[in-house]
Visitor: 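Here it is, the structure, as C-alpha cells.
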Amino acid sequence: MTEKHREQLMPLAHEVSFATGERIFDEGGNADRFWIIHTGTVALDLHVPGRRAAVIETLGAGKLLGWSWLVPPHHWHLGAEATSPVRAYEFDAATVREMCAKDPVLDHELCTYVVSVLARRLRSARVRLLDLYAPHGAGEVP
C-alpha cells in the first residue's frame, strides 16, 4: 500500500498483544477486526476433521493477519494462534470498511493488497495440504 493510505489507516489502529499459545481467532468465528503484526509470530491453521489442525503458514513482523473481515459474510476462513509473544496493530473492520466506502481510491488500494495476500495464502494452503495428505510422489505443484 502507498504511504498515504497507510497514514490514513494508522490513526484507526491500537496496539494489542497476544501470549505464546493464545488463540487469536478460530475458523468460522466472526471476522470483525484484523491486525498488522509488529513483533512475534502467528501460525495460521486449518481445521482437518479427525486430525490436528494443519498449520498452513507462519506470519511474522509486517504481515497482515486476517482477510476474512473484507469478504461477506465476514467469518474467519482459517484459525490463528500466537507461536511467540506477539505485538500487533489492531483495526476494527467495520470502521475500515466505512472509511473505504467514502474513499474509492483507498478501497481499491486496500482490496488490491488484501487480494494479493489472499492469493499467497491460498497457494500456501494448497502446497501445505498436498505436503501433508497427497500420496508420496504425487507430482510437483505448478
Side-chain angles (χ1 to χ4, degrees), residues 1-136 138 140-142:
M1 292 185 61
T2 66
E3 183 67 28
K4 174 188 172 191
H5 292 118
R6 284 193 301 271
E7 287 174 2
Q8 280 180 269
L9 291 173
M10 284 312 291
L12 303 177
H14 68 277
E15 200 164 334
V16 296
S17 60
F18 302 100
T20 302
E22 186 174 346
R23 290 297 293 176
I24 301 170
F25 55 84
D26 289 307
E27 193 174 339
N30 184 34
D32 60 353
R33 66 197 77 199
F34 64 96
W35 302 264
I36 300 295
I37 299 170
H38 185 60
T39 63
T41 55
V42 175
L44 295 176
D45 55 36
L46 178 66
H47 176 73
V48 180
R51 297 180 182 243
R52 176 188 284 192
V55 173
I56 300 302
E57 188 173 1
T58 300
L59 307 177
K63 297 298 183 183
L64 172 69
L65 174 59
W67 56 263
S68 302
W69 62 273
L70 189 59
V71 181
H74 310 296
H75 294 124
W76 297 118
H77 289 82
L78 299 170
E81 184 173 306
T83 54
S84 71
V86 172
R87 286 187 15 235
Y89 299 110
E90 183 177 87
F91 298 83
D92 177 73
T95 303
V96 173
R97 288 192 303 265
E98 287 172 19
M99 181 182 274
C100 287
K102 295 174 184 172
D103 185 342
V105 176
L106 173 64
D107 184 53
H108 177 75
E109 182 82 13
L110 188 59
C111 286
T112 299
Y113 173 70
V114 172
V115 166
S116 72
V117 169
L118 176 56
R120 283 192 306 274
R121 301 261 165 87
L122 285 172
R123 176 137 175 91
S124 290
R126 179 174 185 257
V127 169
R128 181 67 175 134
L129 291 174
L130 284 172
D131 183 44
L132 290 172
Y133 303 114
H136 181 68
E140 294 292 316
V141 177

Visitor: Which heavy atom of Leu9 sits nearest to which heavy atom of Phe91, and what is that distance?
Guide: O-CE2, 3.3 Å
Visitor: Verify side chain to side chain contact (heavy atoms under 4.5 Å, CB included) between Arg126 and Leu130, making sure each step is shown before the conclusion.
Guide: CA-CA 6 Å; Arg126 179 174 185 257; Leu130 284 172; 4.1 Å; yes
Visitor: Examine the side chains of Thr41 and Thr83 and answer whether a donor and an acceptor come within less than 3.5 Å of each other.
Guide: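 Side chains of Thr41 and Thr83: pair found under 3.5 Å.
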Visitor: Given 3.5 Å as the limit, does a donor-acceptor pair link the side chain of Glu109 with the main chain of Leu106, or not?
Guide: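 The answer is no, because no donor-acceptor pair under 3.5 Å joins these two groups.
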Visitor: Between His5 and Gln8, is there a side-chain heavy-atom distance shorter than 4.5 Å?
Guide: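 Gln8 reaches His5 side chain to side chain.
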Visitor: Quick one: CG on Leu44 to OG on Ser124, what's the gap to the nearest 0.5 Å?
Guide: 9.0 Å
Visitor: Going by heavy atoms in the side chains, are Leu110 and His108 under 4.5 Å from each other?
Guide: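 The answer is no; the side chains never approach within 4.5 Å.
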Visitor: Can you name the closest pair of heavy atoms from Ala31 and Ala93 and give their distance?
Guide: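 Nearest heavy atoms, Ala31 then Ala93: O-CB, 4.4 Å.
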Visitor: For the atom pair CG (Asp32) and CZ (Arg97), what is the distance rounded to the nearest 0.5 Å?
Guide: 8.5 Å
Visitor: Going by atom types only, do Glu27 and His47 share a side-chain donor-acceptor pair under 3.5 Å?
Guide: no
Visitor: Using the six-membered ring wherever Trp is involved, compare the ring planes of Trp35 and Phe18 and label them parallel, tilted or perpendicular (cut-offs 30° and 60°).
Guide: perpendicular
Visitor: Considering non-hydrogen atoms only, spot the tightest contact between Gly40 and Ser84 and give its length.
Guide: CA-OG, 3.3 Å
Visitor: Mind checking the CG-CD spacing from Leu12 to Glu98? Nearest 0.5 Å is all I need.
Guide: 10.0 Å
Visitor: Less than 4.5 Å apart, side chain to side chain, heavy atoms only: is that true for Val55 and Glu57?
Guide: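 No - every pair of side-chain heavy atoms lies 4.5 Å or more apart.
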Visitor: Is there a side-chain contact between Val16 and Arg87 (heavy atoms, below 4.5 Å)?
Guide: no
Visitor: Could you check whether any side-chain heavy atom of Leu64 comes within less than 4.5 Å of a side-chain heavy atom of Ile36, counting everything from C-beta outward?
Guide: yes
Visitor: Can His77 and Trp67 be said to form a side chain to side chain contact (heavy atoms under 4.5 Å, CB included), step by step?
Guide: CA-CA 9 Å; His77 289 82; Trp67 56 263; 3.3 Å; yes
Visitor: Look at the side chain of Asp26 and the backbone N and O of Gly29, then say whether any donor-acceptor pair between them is shorter than 3.5 Å.
Guide: no
Visitor: Contact between Val42 and Val86 at the side-chain level, heavy atoms closer than 4.5 Å - yes or no?
Guide: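 With C-beta onward as the side chain, the pair touches.
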Visitor: Between CG of Leu118 and OG of Ser68, what distance do you get to the nearest 0.5 Å?
Guide: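 If we round to the nearest 0.5 Å, Leu118:CG and Ser68:OG are 8.5 Å apart.
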Visitor: Going by side-chain contact (heavy atoms from CB on, under 4.5 Å), name the residues that satisfy it together with Glu81, two or more places apart in sequence or in a different chain.
Guide: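 Counting only residues at least two positions away or on another chain, Glu81 forms a side-chain contact (heavy atoms from CB on, under 4.5 Å) with Arg23.
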Visitor: Any heavy-atom pair between the side chains of Asn30 and Trp76 that's under 4.5 Å?
Guide: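 No, too far: nothing below the 4.5 Å cut-off.
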Visitor: Which atoms form the tightest heavy-atom contact between Ala80 and Leu65, and what is the distance?
Guide: CB-CD1, 3.9 Å
Visitor: Give the minimum heavy-atom separation between Glu15 and Tyr89, together with the two atoms involved.
Guide: OE1-CE2, 4.0 Å
Visitor: Closest heavy-atom contact between Ile37 and Gly60?
Guide: CB-O, 3.5 Å
Visitor: Can you find a heavy atom in the side chain of Phe25 that is under 4.5 Å from one in the side chain of Arg33?
Guide: no
Visitor: May I ask you to decide whether Arg6 forms a salt bridge with Glu3, counting only side-chain N to carboxylate O separations under 4.0 Å?
Guide: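 Yes, Arg6 and Glu3 are salt-bridged.
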